[in-house]
Structures are given as C-alpha cells and as structure tokens.
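First up is the structure itself, then whatever we jot down about it.
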Amino acid sequence: MTFQAINPATGEALDGAFSESTSQEVDQACQLAAAAFPIYRKLSGEAKAQFLERIADEIMALGPELLERANLETALPLPRLTGERGRTTGQLRLFAQYLREGSWVDARIDTALPDRQPLPRPDLRQMLIALGPVGIFGASNFPLAFSVAGGDTTSALASGCPVVVKAHPAHPGTSELVGQAIRKAVEASGLPEGVFQMVQGTGIDVGMAIVLHPQIKAIGFTGSFRGGKAIYDAAVRRPEPIPVYSEMGSTNPVFFLPAILKQKGLDLAKAYVDSVTLGVGQFCTNPGLAIVKQSDGGDAFVSQARLAMSQTQPTPMLTKGIYQAYTAGIEKLNSFSRVLIASKSETVVDGFAAAQPTLLSTTADVLLENPELTEEVFGPSSLLVTADTKEEMLAVAQGLEGHLTATVYGTPEELLEYADLLEILEQKVGRVLINGFPTGVEVSHAMNHGGPYPATTDVRSTSVGTNAIRRFARPVCYQNFPDALLPDALKADNPLAIFRLVDGSWQK
C-alpha cells in the first residue's frame with residue numbers, strides 16, 4: 001500500500017509514492033536497532049560527536065532540493081525552512097560539543113572508607129548510560145527541527161541510543177531525504193545500520209507497533225494531546241512499561257500588567273498579534289491566551305490588537321486535517337456564552353487549507369467558570385481575557401493546568417508588585433518569560449521546553465537543549481569495581497578530564 005504527499009496550498013498530490021511500512025518491517029527496524037545497541041552505546045563521546053557532525057554535513061549537502069520539497073509538502077516559506085535547517089544542523093553540532101566536554105554522564109564517586117565505624121563503606125561509582133533503542137515520532141509543524149533529524153533523534157543518538165523514527169505522513173518526501181542523509185552518515189561512520197531506522201505510514205498502526213515493540217525502551221513524541229496521551233497509555237500498559245516523553249501542546253498564557261500597557265500598549269498589541277500569527281500559529285509556544293487587567297492602557301491595547309488582527313492575511317496550514325481542527329476549535333470557543341469573536345482577518349482567500357487568523361475575547365469570570373477555554377486551538381488564534389482586578393488575574397493563573405510557557409509583561413516596579421503571580425506561574429509551566437513572547441525556543445544548555453501535564457507527559461524533562469540527553473539515559477552504580485573494568489568516566493585518573501562529584505565535591 002502506498003500514499004502520496006499533499007500540497008496544503010493547492011490540495012494537489014505531489015510526485016512520489018511512499019510505502020506504508022508493514023508490521024514485519026517495523027519489527028525488522030526495531031530488531032536492527034536492538035542489534036546495533038551493544039556496539040553503538042560503547043562509542044566514545046568523540047566518536048558520537050563526529051557522527052552527529054557528519055549527519056549535519058549530509059543534511060547541508062542535500063542543498064536546495066530539501067528546502068524545495070519541504071516547501072511543497074508544508075506550504076512553509078523557503079526563508080522559514082532555511083532557518084529551520086540551520087536550527088536542525090545547529091543542534092546536532094551543539095550536542096557534538098556537549099559530548100566532547102563529556103560531563104553530561106553525571107559521574108559520581110564515593111571512595112571506599114574501610115575504617116568507617118560501625119561499618120566500612122564500599123567504593124561506589126555512578127554514571128548515566130544509554131537506555132536502549134528509542135522510538136521517535138516526527139512532528140507536523142517542524143519538518144526538519146522536530147522531525148527525522150530533530151531534537152528527539154539528536155538527543156537519543158547523543159546518549160548512545162539507536163533510533164527508530166516514525167516519519168510524519170504530512171511530509172514523507174522531506175523525511176525520506178533527511179533519512180537518506182542520516183543513513184549516509186551511518187555508513188560513512190562505519191556504524192551498524194540499526195543505529196538509524198525509519199518507517200512511514202499514514203495510520204496509527206505503524207506508530208503503535210513501535211511503541212509496543214519489546215526492544216524499544218523509550219518514546220519521544222511531539223504532537224496533539226490525543227496522540228501523545230494514546231502513546232503514553234499504551235506504553236505504560238506494556239508488559240515492560242517504558243518512559244514516554246510526549247509534548248502535547250499548550251496555550252502559553254501571557255499576562256499584560258497595566259503600567260506597561262500605559263507606556264507601550266499599542267506596540268505590544270501589534271507584537272502580540274505578530275506572535276499569534278507567526279508561522280500560521282503552528283507553534284507549540286503560540287500565545288493562545290492573553291490576560292489583560294482593565295485600565296485605560298488595557299482598553300487601548302485591546303482595540304489595537306483587534307485592528308492588527310483584522311489586517312492579517314489568511315495562510316495555508318500544514319494539512320487539511322489541521323485546518324479543519326483549527327476551524328472546529330474556533331467554533332467551539334465561540335459557542336460558549338460571552339465568548340465573542342473580537343476580530344478576524346478581513347481578507348478572504350480561496351485556498352485548500354487557508355486559516356483565517358482570529359482574536360476571541362471574554363472576561364476573567366467566564367474563564368474561571370469554564371476552564372476548558374484554556375485548551376489549545378492549534379493555529380493563528382488567541383483568546384483575550386479581561387480581568388477587573390489583580391485578584392482576578394491571580395485566580396486565572398491559579399486555575400491554569402500545565403503549559404509549556406507563561407509570560408508576564410510589566411514595568412520593573414509592577415513586576416515586583418506582582419511577584420506572587422510569578423510564583424504561581426513557575427508551578428504551572430516549564431519556562432517563565434518576562435517581557436518577551438514565547439514563540440522562538442533557543443537551543444541551548446539552559447533551555448527547558450516542557451511543562452506539567454497536560455503540556456507533556458513528564459514534567460521533569462525537556463525536548464529542547466542539551467539536557468534532553470538525560471531522557472534517554474539511566475544511572476548505574478558500580479560497587480568495588482577494579483579500575484581496569486570501570487568506564488573511562490569513572491576511572492581513578494579521570495582520563496576524560498570531566499567534572500565529577502568526588503566525595504561530595506565537584507572536581508576534575
């Protein structure tokens with residue numbers, strides 16, 4: 001059975017037929033990954049770093065063909081895709097640097113105390129090691145940076161785990177090109193073919209076959225709440241439950257305080273709408289909820305935001321299915337009493353999946369009575385909520401479920417006045433921002449891209465930044481091992497020259 005990619009701007013089928021992977025092919029991919037694991041996990045940090053850099057080089061070697069195919073399959077503009085390619089190769093190179101430094105293994109050593117009373121202490125040494133073959137699901141909204149060679153794949157490979165990738169059916173041609181690049185890097189690096197395997201499919205069977213395969217030891221997923229929760233539920237019910245790192249969406253509330261709106265409310269309104277509509281709103285950090293305290297500056301902000309939204313342009317979404325879900329989400333929000341369409345694009349475009357940017361409005365008391373209004377509508381829309389008092393703003397914050405981000409805009413003085421708001425928000429999200437919109441997630445050592453449920457299935461992890469490597473590793477303690485049998489990271493003379501916690505003190 002085969003399928004074709006669809007151009008979301010026209011609805012036309014694109015050249016190229018892609019085969020639905022069979023259960024036997026999924027099994028073979030997982031078995032190959034398991035066979036590669038004993039070899040790949042023992043690679044040095046330097047060898048894995050060179051491998052990741054080779055993947056980045058092979059992706060760049062694809063040239064314009066990769067960007068042009070991604071443009072046809074996603075309707076994302078070429079400049080956006082060019083930047084995303086840079087992000088993809090950049091995170092591969094960042095993880096390579098992190099592997100060379102080597103301290104990520106979190107080596108800990110408690111030296112033996114044979115004379116300790118009443119009992120001696122044995123020699124104890126602990127570090128992180130690779131978990132095993134990992135199943136990765138490509139995302140629809142980032143055909144490069146959260147897909148076949150995206151952050152989940154990169155962090156799993158960096159940890160020493162082979163990967164089996166389920167390519168997203170919205171961009172199978174793009175996925176195949178990147179898959180070919182990774183396979184070239186595997187071959188050029190002299191690694192077993194099972195280090196990287198990719199399967200394709202339009203239904204749920206292929207993905208679930210990966211989740212349920214006994215050789216798979218963890219899952220990385222970026223997508224809808226429904227999809228991520230189904231994967232999590234299946235994984236924890238396996239005979240051997242496995243961790244699932246699902247990023248499932250978020251409305252990323254933004255709180256606008258009155259003094260800053262009095263100073264620069266008109267500019268902030270335009271920037272807010274720009275952030276809502278960036279990339280047709282198809283970002284997991286899209287600010288889908290804004291809370292404004294009633295004031296003269298707040299009223300001017302709302303009026304300017306309505307004007308700015310009316311001047312936006314409808315643009316094709318990634319797939320017809322995503323477009324249909326977006327329009328259904330807007331209709332659902334608008335069906336609530338006292339939730340109004342405040343503004344929408346005045347331009348009408350005939351397109352296969354062209355979304356009309358929309359601003360909805362309500363008041364804090366309505367939101368507090370209907371917490372489901374804070375659920376994500378994936379696309380270029382936002383719900384603007386007016387609060388009468390500070391206490392109402394705090395109540396809205398306290399009623400939030402888990403989100404990826406929360407933002408507070410305020411002057412230095414009122415940020416101090418609203419410190420209690422910040423204390424609430426740090427319990428609700430994985431990243432708190434001051435005076436900056438959440439769209440745009442830096443790939444760095446300090447970034448955290450995660451959050452409490454239902455934003456993700458594991459609040460303790462990140463899917464962006466070098467700390468993501470820890471999702472696919474586990475601690476092992478070595479007791480009374482001869483030095484010659486210890487991993488290099490734990491040997492007495494520290495041949496890797498990494499930071500280690502030795503008898504409670506970090507040192508090299």
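Arg474 CZ to Ile129 CD1: the interatomic distance, rounded to the nearest 0.5 Å, is 4.0 Å. The CG atom of Leu144 sits 9.5 Å away from the CG atom of Leu62 when rounded to the nearest 0.5 Å. Note: Ser21 OG to Ile210 CD1 = 8.0 Å, rounded to the nearest 0.5 Å. For the atom pair OG of Ser23 and CG of Leu212, the computed distance is 12.0 Å after rounding to the nearest 0.5 Å. With rounding to the nearest 0.5 angstrom, the OG1 atom of Thr407 is 11.0 Å from the CG atom of Leu289. Taking CG of Leu421 as the start and CD of Glu414 as the end, the distance is 10.5 Å to the nearest 0.5 Å.
Of all the heavy atoms in Gly430 and Asn448, the pair that sits closest is O-ND2, 2.9 Å. Residue Leu78 comes nearest to Leu67 through the heavy atom pair CD2-O, 3.5 Å, listed as atom of the first residue, atom of the second, then distance. When all heavy atoms of Ala96 and Leu52 are compared, the pair lying nearest together is N-CD1, 4.0 Å. Across every non-hydrogen atom of Ser463 and Asp152, the tightest pair is CB-OD1, 4.1 Å. Considering all non-hydrogen atoms of both residues, Ile291 and Pro253 come closest at CD1-CB, 4.1 Å. Closest approach of Asn141 and Arg80 over heavy atoms only: O-NH2, 2.9 Å.
A salt bridge links Lys390 to Asp420: at least one charged side-chain nitrogen sits closer than 4.0 Å to a carboxylate oxygen. Lys184 has no carboxylate O lying under 4.0 Å from a charged side-chain N of Asp57, or vice versa, which leaves the two without a salt bridge. A salt bridge links Glu53 with Arg100: the closest approach of a Lys/Arg side-chain nitrogen to an acidic carboxylate oxygen falls below 4.0 angstrom. Here Arg108 does not pair with Asp110 in a salt bridge; the nearest charged N to carboxylate O distance is not below 4.0 Å. Between Glu176 and Arg183, at least one side-chain nitrogen of the basic residue sits less than 4.0 Å from a carboxylate oxygen of the acidic one, meeting the salt-bridge criterion.
With contacts defined as side-chain heavy-atom distances shorter than 4.5 Å, the pair Ile219/Val134 does not qualify. The side-chain heavy atoms of Arg69 and Leu177, taken from C-beta on, include a pair separated by under 4.5 Å. Side-chain atoms of Arg87 and Val464, non-hydrogen and from C-beta on, do get closer than 4.5 Å to each other. Leu367 places a side-chain heavy atom less than 4.5 Å from the side chain of Leu383. The closest side-chain heavy-atom distance from Thr456 to Met248 is not below 4.5 Å. Side-chain contact between Phe51 and Tyr40 is present, with at least one heavy-atom pair separated by less than 4.5 Å. At a threshold of 4.5 Å between non-hydrogen side-chain atoms, the residues Pro258 and Leu261 do not count as touching. With contacts defined as side-chain heavy-atom distances shorter than 4.5 Å, the pair Val443/Met447 does not qualify.
Between the side chain of Asn71 and the backbone N or O of Leu76 there is at least one donor-acceptor pair closer than 3.5 Å. For Ser461 (side chain) and Asp458 (main-chain N/O), a donor-acceptor pair under 3.5 Å exists by modelled atom type. Judged purely by atom type and a 3.5 angstrom limit, Arg125 uses its side chain to pair as donor or acceptor with the backbone of Leu490. Side-chain atoms of Ser250 do not come within 3.5 Å of backbone N or O of Cys284 as any donor-acceptor pair. Although no hydrogens or angles enter the test, the distance criterion places no donor-acceptor pair under 3.5 Å between the side chain of Lys428 and the main chain of Glu401. A donor-acceptor distance shorter than 3.5 angstrom exists from the side chain of Gln282 to the backbone of Leu318, with no hydrogens or angles considered. Side-chain atoms of Asp488 do not come within 3.5 Å of backbone N or O of Pro495 as any donor-acceptor pair. When atom types are taken as modelled, the side chain of Asn494 and the backbone of Lys508 share a donor-acceptor pair closer than 3.5 angstrom. A distance-only check finds no donor-acceptor pair linking the side chain of Ser159 to the backbone of Ala473 [under 3.5 Å]. Under the 3.5 Å distance criterion, the side-chain polar atoms of Arg431 are matched with a main-chain donor or acceptor of Pro438.
Between Tyr418 and Phe255, a ring centre-to-centre spacing not shorter than 6.0 Å is recorded. For Tyr409 and Phe437, the ring centers sit closer than 6.0 Å to each other. A distance of 6.0 Å or more separates the ring centres of His168 and Phe137.
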- Check the pair Lys217 / Glu240 against salt bridge (charged side-chain N to carboxylate O under 4.0 Å, His left out), numbers first and verdict last. CA-CA 9 Å; Lys217 302 304 180 183; Glu240 178 198 1; 3.0 Å; yes
- Show your reasoning for whether side-chain contact (heavy atoms from CB on, under 4.5 Å) applies to Lys48 and Phe95. CA-CA 9 Å; Lys48 287 186 291 183; Phe95 272 87; over 6 Å; no
- Which is it for Arg238 and Asp233 under the salt bridge (charged side-chain N to carboxylate O under 4.0 Å, His left out) test, yes or no, and what are the steps along the way? CA-CA 9 Å; Arg238 289 177 22 152; Asp233 289 344; over 6 Å; no
- Query: How far apart are the C-alpha atoms of Phe142 and Ser147, what are their side-chain angles, what is the distance that settles it, and do they pass the side-chain contact (heavy atoms from CB on, under 4.5 Å) test?
  - Reply: CA-CA 6 Å; Phe142 281 87; Ser147 193; over 6 Å; no
- Message: Show, in sequence, the C-alpha distance, side-chain angles and deciding distance for Thr251 and Glu376, and conclude whether the side-chain hydrogen bond (donor to acceptor under 3.5 Å, both in side chains) test is met.
- Response: CA-CA 5 Å; Thr251 47; Glu376 180 187 33; over 6 Å; no
- Could you check Lys491 against Asp493 for salt bridge (charged side-chain N to carboxylate O under 4.0 Å, His left out), going step by step and ending with a plain yes or no? CA-CA 6 Å; Lys491 288 181 176 177; Asp493 61 352; over 6 Å; no
- Task: Take Leu415 and Val408 through the side-chain contact (heavy atoms from CB on, under 4.5 Å) test and state the conclusion after the steps.
- Result: CA-CA 8 Å; Leu415 288 172; Val408 178; 3.7 Å; yes
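The environment of CD1 in Ile204 is sparse: at most 12 heavy-atom neighbours from other residues, nucleotides or ligands sit within 6.0 Å. Atom OH of Tyr232 sits in a sparse spot, with 12 or fewer heavy atoms from other residues, nucleotides or ligands closer than 6.0 Å. Within 6.0 Å of CZ on Arg116 lie more than 12 heavy atoms contributed by other residues, nucleotides or ligands. Heavy-atom neighbours of Glu187 CD from other residues, nucleotides or ligands within 6.0 Å: at or below the threshold of 12. Counting heavy-atom neighbours within 6.0 Å of Phe499 CZ, excluding the residue itself, gives a total of 12 or less.
A donor atom on one side chain and an acceptor atom on the other are found under 3.5 Å apart for Glu101 and Ser103. A side-chain donor from one of Asn252 and Thr405 sits under 3.5 Å from a side-chain acceptor of the other. Side chains of Ser275 and Thr439: a donor-acceptor N/O pair is present below 3.5 angstrom, by distance only.
Geometrically, Arg471 engages Tyr245 in a cation-pi contact defined by less than 6.0 Å to the ring centre and at most 45° from the axis.
Relative ring orientation between Tyr98 and His445 is described as tilted, the plane-to-plane angle lying within the 30° to 60° band.
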